[in-house]
Amino acid sequence: MKDLKGLVARMRDEFLDDTTGAETGDSKWSTPNLVSALNSSERELCRKLFLLSESTTPDICQVAITLVNGVYPRSFSISDKIVRIERLKYPGVTKPLLQKTIQHFDDKDPGWDEMSGVPTMYAVDFESFTVTFNRQPVAVGTVKMGVKRLPLNDLSEVNMAAFPEIRQYEDELIHGALKWAYLKDDSRTFDPVRAGVWKKTFDDDIARITQDKAAMNPQEHICRAERF
């Protein structure tokens, strides 16, 4: 895959009607505009296809259980880079905890929100980015997770030699960025028709990659419904 500079150059050379006149040499899209579009595309691909796995970075994959105002909280914040938790190990528990929902707790474990001890289940809220355990912890420890995540760092024009983390998806990354580029709110660039064309191409890319992933690992595809 090309670096960020190469991706921007390819977008201009192969896809975009990017000049306003030969006499000025002006461009409809600035480099920061196109970098922003590539960044949005990379995040969208990672969010919809769960392309990046993580199990080692502490800020992403660990949650410290500590006292807050003299008590152990039942809910803990997680990184907003996480798009799915694959596996959660609670300290001192051999097997990973089961991921359920708050509704499941209410239906199957009445009074769970007043009980303390070693949790057996957890629920995730991806709006508030919190994990809630079905038992209030009673000791310090470190929860460890394996997750699917967004890129650790946003693409930025400050470092045009950087590579996107999803290096195997250059064409798809550009297709998504073209959609965002034509949605830029500017009289010279906003074109909902062209944006729609590239949205269709990008959606087709996502459908094809999803099918390829399912063919390679059908059990994973069946057991873990993707969140769109």
Side-chain angles (χ1 to χ4, degrees), residues 39-40 42-156 158-159 162-168 213 216-228:
N39 190 64
S40 294
E42 185 181 34
R43 289 173 62 87
E44 189 170 359
L45 283 167
C46 292
R47 188 177 297 282
K48 291 183 173 179
L49 292 169
F50 307 109
L51 298 175
L52 295 175
S53 300
E54 182 67 67
S55 60
T56 58
T57 303
D59 289 347
I60 305 290
C61 299
Q62 295 185 11
V63 174
I65 300 173
T66 58
L67 289 169
V68 177
N69 297 324
V71 298
Y72 294 102
R74 187 182 299 273
S75 297
F76 295 82
S77 296
I78 58 174
S79 170
D80 60 6
K81 298 287 187 182
I82 296 173
V83 295
R84 185 166 73 185
I85 296 177
E86 299 274 276
R87 182 173 183 268
L88 185 148
K89 288 295 297 295
Y90 193 82
V93 179
T94 303
K95 291 184 177 181
L97 299 193
L98 297 174
Q99 183 176 157
K100 298 294 183 179
T101 64
I102 296 296
Q103 185 64 53
H104 179 90
F105 294 173
D106 289 337
D107 293 343
K108 304 296 183 180
D109 191 20
W112 66 273
D113 52 346
E114 297 180 355
M115 298 180 186
S116 61
V118 177
T120 58
M121 297 179 285
Y122 68 97
V124 187
D125 185 334
F126 282 105
E127 293 184 358
S128 62
F129 290 99
T130 55
V131 166
T132 299
F133 295 108
N134 69 326
R135 296 291 183 272
Q136 184 175 358
V138 294
V140 297
T142 301
V143 173
K144 297 181 179 181
M145 301 179 293
V147 305
K148 298 293 188 181
R149 60 165 174 80
L150 299 177
L152 291 177
N153 299 299
D154 289 343
L155 300 175
S156 170
V158 174
N159 184 10
F163 288 85
E165 285 197 61
I166 53 171
R167 298 191 183 192
Q168 68 272 44
K213 289 174 64 182
M216 288 187 293
N217 195 344
Q219 190 63 29
E220 171 76 5
H221 183 74
I222 292 169
C223 291
R224 301 184 186 278
E226 299 186 347
R227 291 193 317 111
F228 285 85

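The first residue of the sequence shown is numbered 1, and numbering continues consecutively from there.
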**OP:** Would you check, one step at a time, whether the test side-chain contact (heavy atoms from CB on, under 4.5 Å) holds for Phe76 with Val68?
**Re:** CA-CA 11 Å; Phe76 295 82; Val68 177; over 6 Å; no

**OP:** Run the numbers on Ile166 and Leu52 for side-chain contact (heavy atoms from CB on, under 4.5 Å), then give the verdict.
**Re:** CA-CA 8 Å; Ile166 53 171; Leu52 295 175; 4.0 Å; yes

Subject >> Test side-chain contact (heavy atoms from CB on, under 4.5 Å) applied to Leu45 and Leu51, step by step >> reply: CA-CA 7 Å; Leu45 283 167; Leu51 298 175; 4.2 Å; yes

**OP:** Could you give me the CA-CA distance, side-chain angles and deciding distance for Ile78 and Val124, then say whether side-chain contact (heavy atoms from CB on, under 4.5 Å) is met?
**Re:** CA-CA 9 Å; Ile78 58 174; Val124 187; 4.1 Å; yes

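Scanning both residues, Cys61 and Val147, for their nearest heavy atoms gives SG-CG2, 4.3 Å. Taking both residues in full, the closest heavy atoms of Pro96 and Arg87 are given as CG-NE, 3.7 Å, listed atom of the first, atom of the second, then distance. Heavy-atom minimum distance, Pro91 versus Thr142: CD-O, 3.6 Å. Nearest heavy atom pair, residue Ile85 against residue Tyr122, reads CG2-OH, 3.3 Å. Nearest heavy atom pair, residue Val83 against residue Arg47, reads CG1-NH1, 3.9 Å. Closest heavy-atom contact between Trp112 and Asp106: NE1-OD1, 2.7 Å.
Here Arg135 pairs with Asp109 in a salt bridge; the nearest charged N to carboxylate O distance falls below 4.0 Å.
Ser156 places no side-chain N or O within 3.5 Å of a backbone atom of Asn159 that could act as its donor or acceptor partner. Arg74 places a side-chain N or O within 3.5 Å of a backbone atom of Met115 that can act as its donor or acceptor partner. Of the possible polar contacts, none joining the Asn39 side chain to the Asp154 backbone as a donor-acceptor pair under 3.5 Å is found. Remark: side-chain polar atoms of Lys213 are paired, donor with acceptor, to backbone N or O of Leu49 under 3.5 angstrom. The backbone N or O of Thr130 sits nowhere less than 3.5 Å from a side-chain atom of Asp125 that would complete a donor-acceptor pair. Within the 3.5 Å criterion, the main-chain N or O of Phe129 finds no donor-acceptor partner in the side chain of Glu127.
Using a 4.5 Å cut-off on side-chain heavy atoms (C-beta onward), Lys148 and Ser53 make contact. Between Tyr72 and Ser116 the shortest side-chain heavy-atom distance does not fall below 4.5 Å. Residues Gln136 and Val71 have side chains in contact (heavy-atom distance under 4.5 Å, counting atoms from C-beta outward). Residues Met145 and Val63 form a side-chain contact, since some pair of their non-hydrogen atoms from C-beta on lies under 4.5 Å apart. Here the side chains of Asp113 and Phe105 are not in contact, with every heavy-atom distance at 4.5 Å or above. Here the side chains of Leu152 and Ile60 are in contact, with some heavy-atom distance below 4.5 Å. Put simply, the side chain of Thr120 does not reach to within 4.5 Å of the side chain of Leu98, judged on heavy atoms. Residues Pro151 and Cys46 meet the side-chain proximity criterion, which asks for heavy atoms closer than 4.5 Å.
Note that the NZ atom of Lys144 and the CG atom of Leu88 stand 12.0 Å from one another [nearest 0.5 Å]. Residue Arg43 holds its CZ atom at 5.5 Å from NZ of Lys81, rounded to the nearest 0.5 Å.
If you check the side chains of Thr56 and Glu54, you find a donor sitting under 3.5 Å from an acceptor.
More than 12 heavy atoms of other residues, nucleotides or ligands shown are found within 6.0 angstrom of NZ on Lys89. The number of heavy atoms from other shown groups lying within 6.0 Å of CD (Gln168) is above 12.
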